[in-house]
2 protein chains.
Amino acid sequence: MSSAQPDTRLRILKASLELLEAGQGQGVRMADVAKRAGVSRQAVYLHFESRAELLIQTTLYLDDIAGSQERLIPSREATTGVARLDAFIEAWTAYLPIIYPSARALLAMRETDEDAAHAWDQRMRDMREGCEAAVTALQRDGQLNPAHDPQEATDLLWMLLSVRNWEQLTRISGWSQEAYAAKIRSSAHQLLVMPKASK
Amino acid sequence: MSSAQPDTRLRILKASLELLEAGQGQGVRMADVAKRAGVSRQAVYLHFESRAELLIQTTLYLDDIAGSQERLIPSREATTGVARLDAFIEAWTAYLPIIYPSARALLAMRETDEDAAHAWDQRMRDMREGCEAAVTALQRDGQLNPAHDPQEATDLLWMLLSVRNWEQLTRISGWSQEAYAAKIRSSAHQLLVMPKASK
DNA sequence: AGTGTCAATTGACACGGCGACAAGTGGTGA
DNA sequence: TCACCACTTGTCGCCGTGTCAATTGACACT
């Protein structure tokens with residue numbers, strides 16, 4: 001936090017992120033990132049040991065500037081199980097389009113690179129914890145659909161909220177982000193919330 | 001159907017399929033396929049113009065020997081909408097583990113190769129037609145959950161049955177194939193079939 | 001025998017992208 | 001003045017895909 005060039009590492013991360021967003025996570029090479037950061041290709045390797053590492057750090061950087069943590073506050077503060085579920089779904093589905101480009105790149109890398117695989121899996125495990133917390137809150141309220149035990153319910157919710165499903169519904173089936181969010185929420189309710197006996 | 005060497009093209013396809021299965025769709029190179037087929041690397045290019053083309057043809061070959069068409073007969077013959085839905089889900093979920101290795105390889109290729117992307121998308125469009133037929137049959141019977149219009153219901157079912165979801169639930173969440181099939185079927189019912197007013 | 005054809009082989013090569021290495025260069029502070 | 005630091009320049013190796021040209025060996029026709 002001192003040099004005229006505001007921290008090369010940060011410039012590289014920014015460049016990486018911008019390119020990922022521009023290409024929707026596709027076709028971003030080390031040389032492209034370097035060029036955009038106004039730095040030599042080798043300088044990138046001075047800061048990141050490999051392409052996998054750069055992608056991992058880029059997603060962490062994005063989490064940081066996009067406030068991944070703050071987004072979860074309403075969910076944690078929800079009082080009822082259903083409110084917690086809804087708040088979590090709301091936060092995650094709104095976050096999905098933001099992380100999609102870098103998630104896609106990391107997912108592609110995951111196929112061949114062990115570090116990338118590990119980083120992605122960790123990320124998804126963290127996200128699963130949010131699912132689990134929501135399911136637990138539902139159960140505490142006696143609102144969990146008895147068709148599923150908590151483990152299975154968590155996995156189903158986790159699946160429902162996956163990046164790949166967002167990709168399929170919005171990019172292939174052509175759903176708007178709003179339609180996606182609404183339908184996923186109502187589907188989660190149908191699957192997980194105890195059907196009302198009567199009213 | 002005559003030479004001592006039973007058709008080189010076929011030997012290559014078999015080799016490709018075996019390697020894909022052995023590696024769960026990962027790390028299969030042209031040279032590996034050639035070696036396993038007992039043929040030079042160049043011979044592979046004599047029969048398939050590119051790696052993408054080889055993968056595409058391998059999945060078609062697999063469809064052929066695994067009877068992808070026959071599997072759909074029970075679904076087409078079902079009388080009620082719910083029976084049709086169940087038969088389709090049963091056929092597809094049982095087919096998924098079979099095609100997974102080649103599907104995975106093709107999905108990876110899809111990211112970078114236009115031909116592979118087109119072939120995969122076509123495959124998935126075909127599968128979607130099965131979903132659509134089941135939803136239409138449900139609707140005809142007045143059994144479609146009014147929470148969804150037929151389009152949306154089809155897309156939801158399509159999403160539910162995706163290769164990626166099978167991969168996540170069985171390979172990551174660790175569900176058995178049986179648990180997967182049962183849960184997906186019951187989830188499809190919860191989502192798509194009209195809730196009984198009473199009984 | 002002689003000729004043509006066809007499938008396949010051999011070996012070499014170009015290319016793109018990642019990653020490593022070595023020898024500079026230029027600015028800063030002790 | 002010297003040393004250090006971040007960075008540059010240029011070069012190189014590796015890998016996997018895809019191409020090309022020359023050759024071989026089997027068969028078929030005449």
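- Out of C:dA8, C:dT10, D:dT17, the shortest distance to the side chain of B:Val39 is found at C:dA8.
- Atom pair B:Leu46:CG and D:dT19:P shows a separation of 12 Å (rounding to whole Å applied).
- There is a side-chain donor-acceptor pair under 3.5 Å between A:Glu167 and A:Tyr100.
- Put simply, CG on A:Asp32 is 12 Å from C1' on C:dG16, counting in whole angstrom units.
- Atom CG of A:Leu55 is separated from atom P of C:dG19 by 10 Å (rounded to the nearest Å).
- Going from atom CG of B:Asp115 over to atom P of D:dT17 covers 16 Å, rounded to whole Å.
- Spacing between atom CE of A:Met109 and atom P of C:dG19 amounts to 6 Å, rounded to whole angstrom units.
- In this structure, the nucleotide among D:dT11, D:dT19, C:dA8 sitting nearest to the side chain of B:Arg41 is D:dT19.
- Grouping the Ile, Leu, Val, Met, Phe, Trp and Tyr side chains by contacts below 4.5 angstrom, directly or via other members, places B:Tyr61 apart from B:Leu46.
- Here the nucleotide nearest the side chain of A:Arg29, chosen from C:dG17, D:dG16, C:dG19, is C:dG17.
- Atoms CZ and CG, from A:Arg36 and A:Leu17 in turn, are 10.0 Å apart once rounded to the nearest 0.5 Å.
- Rounded to an integer number of Å, the gap from A:Asp113 CG to D:dC15 P is 17 Å.
- Counting to the nearest Å, the C1' atom of D:dG18 and the OH atom of B:Tyr45 are 5 Å from each other.
- Between the base of D:dT19 and the side chain of B:Gln42 there is a donor-acceptor pair shorter than 3.5 Å.
- At the phosphate of D:dA6, neither OP1 nor OP2 sits under 4.0 Å from any side-chain N or O atom of A:His47.
- Neither side chain, A:Glu152 nor B:Trp175, offers a donor N or O lying under 3.5 Å from an acceptor on the other.
- In this structure, CE of B:Met30 is placed 19 Å from P of D:dC15, rounded to the nearest angstrom.
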